[in-house]
Every structure is written in structure tokens, then in C-alpha cells.
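Have a look at the structure below before the remarks.
Below, chains carry the letters A, B, ... as their sequence lines are ordered, and counting in each starts from 1. Only a predicted model underlies this, so the values are computations on that prediction, with no experimental measurement involved.
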Number of protein chains: 2
Amino acid sequence: MTATIKDVAKLAGVSISTVSRVINKSKPVSSEVKAKVLEAIDELGYKPNAVARSLVTRRSNLIGVIVTDIGNSYIAQKVRGIEEIGRMYNYDIILSNSYGDPNTEKKFAELLRSKQVEGIILISEIPNREVIEYVEDFKIPFVYLNKYYANPGLPSVSIDHREASYRMTNYLMELGHRDILYLTSYEGEEASLENYKIEGYKKAIANGTEMERRIYPAQGFKVEDGYAIGDEVANFIREDGITAIFCCQDELAIGLINYCYDNGIKVPEDVSICGYGDTKIASIYRPGLTTIKEPYYDMGAVAIRRIVKKLEGGKLERTTTYLPIRVIKRESCKAKDKQLD
Amino acid sequence: MTATIKDVAKLAGVSISTVSRVINKSKPVSSEVKAKVLEAIDELGYKPNAVARSLVTRRSNLIGVIVTDIGNSYIAQKVRGIEEIGRMYNYDIILSNSYGDPNTEKKFAELLRSKQVEGIILISEIPNREVIEYVEDFKIPFVYLNKYYANPGLPSVSIDHREASYRMTNYLMELGHRDILYLTSYEGEEASLENYKIEGYKKAIANGTEMERRIYPAQGFKVEDGYAIGDEVANFIREDGITAIFCCQDELAIGLINYCYDNGIKVPEDVSICGYGDTKIASIYRPGLTTIKEPYYDMGAVAIRRIVKKLEGGKLERTTTYLPIRVIKRESCKAKDKQLD
DNA sequence: ACATCTTTTATAGTTGCTGTCACACTATCC
DNA sequence: GGATAGTGTGACAGCAACTATAAAAGATGT
């Protein structure tokens, strides 16, 4: 029932093409005619039908985004980056929640293609070869966003976790700590990520004089896992003189701090503890958790920029863009000499 | 470059309409012909062009969602509900981040309309009359989702905050508390929400024998505001025998508990403190925060269901659907006689 | 064998918009 | 003054699908 270009043309007493020209400024139109057309547009409240337009121009101005779970705060941040930057270039985004299932991802990719999206961003924990090949086969710009892996040989955006944990370990060393325990958690697909982080830790330790590597695995990386590993960690503190603990996840660190709180070990007075991720709790918790902030918003922003660049005629190289992290210094880590051990 | 229905028809040696019939099962086709067509579709990897289809059918299978900020965890939860349920009915969602600006909301609504979305869900803090009228004028199903207000006289989904705080206050009373302080925070638009919550608190108190209302305002509802109000609250505890504090927001409660932690007041031994919202910190914090859980996912789910129902020929009434809350019992509140006061 | 009814196919017309082409008109040049 | 160039406008053919209608083919009955 809404007005079409035809109605506008009739009301303004001109041809359809002229109206189109006024709307798109695609060719010059005399000012009197233009005025008439604009008036008609205004009167009818006409708005071009984007569907019809995209059928003929073959441009949808739509970017498909497939995520594992928009309910995850860090994914929502990435999506926010995508949305905000995409908007600047006049792209809308269509969102799909795959819950990490490869078949769902494929199905959604297909759906997005049928909707004629101009690009696809896939955010998943684990790069699934089959899904990726399937999507790349569409021959539309495609960027893969992951948290966990190094360059998977395709256009992607990630974080250099080796560098991240190297810098955090260095920070602890700058605080005077010589006995630093790295609390890791091997679990399924996460292992690969952990390997990078452990490498960074080792590299930093290797630079220190007379420092020993101490890597210990928790059963998982949730709050309860951190609490559960407390007894063992307490032993390390007593027996081995550990003064700082680098946890591979914020939640793990929080759980461990909870344990300490319940067992009379003061943080950071007795031991410095840091996390990884800068989840919201990190800033709210007492003591504030020293941690690594991953640039989620920026990851989304860079992903969409790479797609837009390609759509505007640029190149989309099969490389990974690594974004820098930041060590967020809070109260849970203290200079060693200020600890009362 | 992708195959069209024409290519399929040619390869299968039939007409375009026959192919369309096979795809849409709109009219019977002999099984031999059907087999030929399906084979051709498979061979060409043909997928119908949704844009062309929606131009002629006038159905886009798209729902527009305008949110203030997808980066907010509770909004992301709502969106997750919308996406997941929408998906079940074969709707995709287009996401727009307004950051709460009414003009941006209007602009996005317009954009969505031009994209021929079949329905719009608006999630905002404050219902803006102008925006709402503008969107309703589109004559497509529209549902408003808000956190803060009672029935705004249009199709919406919300929470009965009066009931919520009534139930929380009752819970505290069941624990034996007679001197319960409600820590509110008047601030701009939030005030209206607070009024409902305060009403619920008052209603519960009125049911108690010899109980006094005690309502005190903080300067805001962030962690730092909770900490800042600590001195005054401590006074209430000492002077007025307050044994439980109902904070209007989780963050405020956490800030207050932080203050207590820093000032030798034990929670929940000396005082019970509860929050409102069940943000992630509530479960991770030590002590676990007793709080009210708002059904964000369900709100999104109900909103999209109402739209789908309308699109399937049902009615969309100008009423508010109120979703039930839950009191989440954790360690920050304890029975009064077990407190050592 | 012819008429009638049913099933299947082909044709043409839509959807709303863009882009190419052609035409009419004006301005400029030798 | 006629050729040349430049401008503004309209007609029309797509874009890729769906749909109504008409036509053809096949089945049934007398």
C-alpha cells in the first residue's frame, strides 16, 4: 500500500526514470523538475523499496554475521563493533546464532547467501574446515573471527596470545616476582590456545635470571575449577615459594581468589593473582583483578572494515590481523617486596 | 554468476513455472518431472534468490530489531531470545544499535522499513512517543520491549517490578528481618522504575506488624555509588538496627558489600544485603549475591512470538505481557537469628 | 469416436527499481 | 547555417522470482 516510484512519477508528472535520477543523483535533472519530484516524494511519504533496488543493482547492503552465541558478552562486543562500523558504510547486519554447531553454521550461511548478503563474518570458537570451505565457495568477502588460533590461512582477525601472556608475565617480573606459577587448563579445543599462552610465559621466564617454569593444570577454567584447585595451589605457595599466579582465565582467577579468601590467604598481600580476559567481574571484584584485556570491539570493527574495503574494490588478503592486547593493572597483583611473605 | 531458476528450467528441459512449482510445492507436478528438476537443482547448486522472491511475494522473512546497545549483556540476552525463536519460524533478524538516540532510532526504523522487514521490535530504556508513533505508522507488527515502565498502551513485553520487589521484601521478612532498608537511586528516567519497586517494598512492609518503611537514596546505582553510600548505611545499621538492605541494583549492592568488606562489617553475618538484576557478578561474587533474576531471554522470545502470531493472521493486542521474576537465593542474605548482631 | 473432465505445461504479466539507449532540444564552433 | 557537442527527459528492457491464465496432453465415459 506504500507509494512506489510510479506513484511519485505520476504525481510529479514526469517519467519513472526521472524520479530515479532525482533519488540517486545518477544523472543531472533540471532544478524545476527536481523540485516537483521532491515535493511529490514528500507528499506521498515515498521511500525506495530496498528489495526491488537490490534485485536490480545486485547489492543488498547486508552483511551476514554468524556467531556461536550472542548471549556471550565478548561476542556481543564483537558484534557491536561490526554493527557500528558497518553502519558507517551503510551496511546492515543479519545475525544468526549457531551455538557452535557446524551444520547450523552451514545452514545459516546458505540462508544468508540466498538473502544476497554481500559479505559474511563468522565468529566461532573452532575453525571448522568444512564450514569455512563451504562459505568461501560463495565467492563473497568472508572474514573469520576467532579467539583461539593463529593464522588459519584465511582472512581473519585474532589476538596474539603468545605476546599477551609474554607481556603479562613480564609485568609480574617487573613487580619483582621470580616464582610465578602459570595455572593452565587443558581441555579439548582450548588446548591449542593454551599452548600459545604457555609459550609466551616460557619466553618471558627464559629472559629472567634463575627463574623456573612452573606450569600447573586446573580441571577447567570456571570459577568452581579455580576454587577446586585451591588446595594444590596453596601447597605451591607454602612449599615452593610461589609469589604470583597467572591464571589462564579470569573466572579461574576469581575462583582461586575466593578460595584464598575462604582459607586465610590474603590477595595480594600473600600472593599476587592475575587473570586473562578482563571480563566484567574483573573490574568489579574485590580486589580488582589484574588481567589482560582483549579488544573485542576492535576485532569486530576490523573484520567489517576488511570486508567493506574489499567491497569497495580493495583486496582481501588471506592473512590474520592481530590486534594488540593491554595489561590492565588492578589490585590483585602487588610488587613483591610490598607483600608480607 | 549463481544459477537462476531459468538455468534450472533449461537444464531440466521444463518451464520456469514448473521449477517454481517443484520448489514451492504450490501445484502438483508429475514425479518424473519433479525428479528431473530436483536433479538439475542439485547439479547447479541452485538456491532461490530470496530478494527476487520477496519482491513478488511481498514477504521478506526479516524482522528488524532496534536496540540501545547490543554490548549490554541483558540486551544481548533479549536479542538471543528473539533470534532463537524467530529462527524457529524462519525469520532472520536485522540488528541496529541506536545507543538510545531517538533520531537514530527513527532513522533505523526507516531503513528497516525500506528493507521490507515484516515486523519491528524496539528495545529501549525510555519509550519515546515520537519514535513509537513513527514506527506504528508503518502498519507492520511492532512490539516494544522495555525494562522500566508499566503498560505504555502498546504491544509490549515487560516485567512487573512492583511484584518483584514485593517478593524480595517478603523473602527478607521470611528470613526474620523486621528492619529492612531499601536503598534506592533516583536518577533521571530511572525514577519511574524506582517508584514501582518502592511501591512493592512498601506493600510488603505494610503487611508486616510493627515494621517501618526505610527508604534511602544513593547517588547512583554503580559500584562506586554503593561504596560511597557505605558510611551512611553503616550508620543506619548501628543507630537504627537495620539488619537487611535491599539495593535497587546489583552493582549498588556489590559496592556496598565492598565497603563492608573494607570496614569490618561482615555480610551476611552482620547484615544481609540483596541486589536486583542477577547480573553475572551476582553469582560469582563472594558472598554470592541474593538478587532478582529478570527473564531477559524470555522477554525477547515472547516479543517475537507475538509478532509471528500476528504475521500468521492472529491479533496483536495493545497490551503488555508481564513476565515473572525469580528471587535467586544466595549467601548474601541470611536468617536474622543466625546473624550475630 | 467424440465430448468432458483432469492433470500438467507454457506463456505472459507482475513486483519496484535501475540503466541503457534514443530522442529532442539548446549551445558552440567554423 | 549546418555540423558538432552537450543536456535533460522518456521509453523500455531487464533483474529473478511468483502467479494467473490459457493451452496442451492425458484420462474417462458414453
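When heavy atoms are screened at a 4.0 angstrom cut-off, B/V14 is found touching the sugar-phosphate backbone but no base atom. Counting non-hydrogen atoms under 4.0 angstrom, A/I16 reaches a base of the nucleic acid.
Between the side chain of B/N49 and the backbone N or O of B/V51 there is at least one donor-acceptor pair closer than 3.5 Å. Checked by atom type and distance alone, the side chain of B/S20 never pairs as donor or acceptor with a backbone atom of B/I16 at under 3.5 Å. With B/S60 contributing its side chain and B/Q116 its backbone, the two residues share a donor-acceptor pair below 3.5 Å. Between the side chain of A/T320 and the backbone N or O of A/S156 there is no donor-acceptor pair closer than 3.5 Å. Between the side chain of A/S98 and the backbone N or O of A/T104, no donor-acceptor pair lies under 3.5 Å.
Within the structure, every pair that satisfies the salt bridge (charged side-chain N to carboxylate O under 4.0 Å, His left out) test and touches residues 302-319 of chain A, not counting sequence neighbours, is listed here: A/E136-A/R318.
The CG atom of A/D7 sits 11 Å away from the P atom of C/dT15 (whole-angstrom rounding). Atom CZ of A/R59 and atom P of C/dT18 are 14 Å apart (whole Å). Rounded to an integer number of Å, the gap from A/N49 CG to D/dC15 C1' is 13 Å. Going from atom NZ of A/K6 over to atom P of C/dG13 covers 13 Å, rounded to whole Å.
Side-chain contact, A/Y134 with A/E105: no donor N or O sits under 3.5 Å from an acceptor N or O. Counted by atom type alone, B/S124 and B/Y144 present one or more donor-acceptor pairs between their side chains at under 3.5 Å.
Note that the two end axes of the helix from C/dA1-D/dT30 to C/dC30-D/dG1 enclose an angle of 60°, each drawn from 5 base pairs, rounded to 10 degrees.
Summarising the geometry of A/Y296 relative to A/Q77, their closest heavy-atom pair is CB-CB, 3.6 Å, with the distance given to 0.1 Å.
For B/R21, taking side-chain heavy atoms from C-beta onward, the closest of the listed nucleotides C/dT20, C/dT18, D/dT21 is D/dT21. Considering only the side chain of B/P48, D/dA17 comes nearest among D/dA17, D/dG8, D/dA11. The nucleotide whose nearest atom lies closest to any side-chain atom of B/S20 is, among D/dT19, D/dA17, D/dG10, D/dT19. Listed candidates were C/dT11, C/dG16, D/dG10. Nearest to the side chain of A/L55 is C/dG16. If you check C/dT18, C/dC17, D/dT21 against the side chain of A/T57, the one that comes closest is C/dT18. Residue B/I5 places its side chain closer to D/dA17 than to any other of C/dT11, C/dT20, D/dA17. Comparing atom distances between the B/S17 side chain and each of C/dG16, D/dT19, C/dT9 picks out D/dT19 as nearest.
Nearest-nucleotide assignment on DNA chain C puts the 5′-proximal partner with B/T18, out of A/A52 and B/T18.
For a distance-only test at 3.5 Å, the side chain of B/R58 fails to qualify as a donor-acceptor partner of the base of C/dG16.
Applying a 4.0 Å cut-off to non-hydrogen atoms, the residues of residues 30-47 of chain A that approach DNA chain D are A/S30, A/V33, listed by residue number.
The shortest distance between the side-chain N/O atoms of A/S15 and the OP1/OP2 oxygens of D/dG10 is below 4.0 Å. Between A/R53 and C/dG16 there is no side-chain N or O to OP1 or OP2 distance below 4.0 Å. Side-chain nitrogen and oxygen atoms of B/N24 include at least one within less than 4.0 Å of the OP1 or OP2 phosphate oxygen of D/dC18.
The pair A/E110-A/K106 fails the salt-bridge criterion, with no side-chain N (NZ, NE, NH1 or NH2) lying under 4.0 Å from an Asp/Glu carboxylate O.
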